[in-house]
Amino acid sequence: MTETRSAVVGCGAYLPSKILTNADLARMVNTSDEWITERTGIKSRHIAAENEKTSDLAIAAARDALQDAGLKPSDIDFIVVATSTPDLTFPATATTVQAALGITHGFAFDLQAVCSGFAYALTAADSFIRAGHGKRALVIGAETFSRILDWEDRTTCVLFGDGAGAVILEACQIKDQMRERCVIGSLLRSDGRHRDKLFVDGGPSSTQTVGHLRMHGKEVFRFAVNAIAEVVESTIAKYKLTPKDIDWFVPHQANKRILDGTAKKVGIAPEKVVVTLDRHGNTSAASIPLALVTAVRDGRIKRGDLVLFEAMGGGFTWGANLVRW
Ligand code: UT7
């Protein structure tokens, strides 16, 4: 007996050309390369050009993923863009991507789960394919957080960057979800009691402004390590695996201390953790696919590897996905 599942058949990325280093930031606010490096692990981040919108980043990542998969835009049945920095309040950035790619069939929508956006979008697209809503999905994480940062607030402006990453999911018929290439499963969580610890202080129905990102960093940090460890451990246990079975751990890139702390708590060896935040900063929903593409293209992640994604962000939202590459 076979069952319909989804598998990742291509991935792509796009980073704006402008690079902002810690030294650049030290000329803008009262900070230093030493502080940022020691507390976060970030050395530089990419910043979108003035005329570059989230959709432009998403379109570039989507084209890269299509080329990687050897597919045409018309092969795609639906598009999910995970973003908290859409071009406009509506319509969805995903429809702008759809139009730019010349796709006029199927459907496209945005999904908002802040830094957990990609984990949520992958789960949603996998579920849609399993339920028969389409055969191929473009799943994109794209953000221009530079547009919602308070550039005078050193506690937040040093942490984030812009970018986009994409994967293509394709329906497949498999017999053994643990051995064959597919999205094995996902676990998602949220707890809205923590929504005032990481939020944007503006929005259409409250202030009629876009607002700026605000964060109680220490409280987010404290919650993150425990929450991520729990959802990762639960995912590993759900599929009767051990941490040693994981070939590559591709976490949301928020803070090197969170990455190290979580991997240690869970028992995943440091050399299996994919780290790109030194060059990308925290790109929110784009960070997992950007890290993924880096490790696929440099030859670390290979066909047949067991790959674990995790993310945690505003809401709080968090979650994990287990993928046989
Ligand atoms: O992706 C979504 C989830 N987001 C996260 O996961 C972020 C989680 N939080 C963090 O990563 C960390 O809490 C931060 C990196 C944001 C902050 O690190 P911390 O070790 O928690 O530092 P802190 O907030 O306790 O600040 C320590 C000191 C303070 O000075 P005093 O009060 O000790 O005199 C801050 O004012 O560092 C100061 N500080 C800075 N100094 C230089 C805060 N930001 C900066 C800065 N440069 N950019």
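As the structure lists them, so they are numbered: ligands from 1, and atoms in each ligand from 1.
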Short N-O contact, Lys18 and Asp24, less than 4.0 angstrom: no

What I want to check is whether the side chains of Thr123 and Asn321 have a donor and an acceptor closer together than 3.5 Å. yes

Who's touching ligand 1 if we go heavy atoms under 4.0 Å? Asn30, Thr31, Trp35, Arg39, Thr40, Cys115, Arg154, Thr155, Val158, Leu159, Leu198, Met215, Gly217, Lys218, Val220, Phe221, His252, Ala254, Asn255, Arg257, Ile258, Asn282, Met312

Regarding Asp260 and Lys264, does a basic nitrogen lie under 4.0 Å from an acidic carboxylate oxygen? no

Who passes salt bridge (Lys or Arg N to Asp or Glu O under 4.0 Å) against Lys72, sequence neighbours left out? Asp75

Parallel, tilted or perpendicular, as decided by the 30° and 60° cut-offs, for the rings of His280 and His46: perpendicular

Answer with yes or no whether the side chains of Gln173 and Thr4 bring together a donor and an acceptor at under 3.5 Å. yes

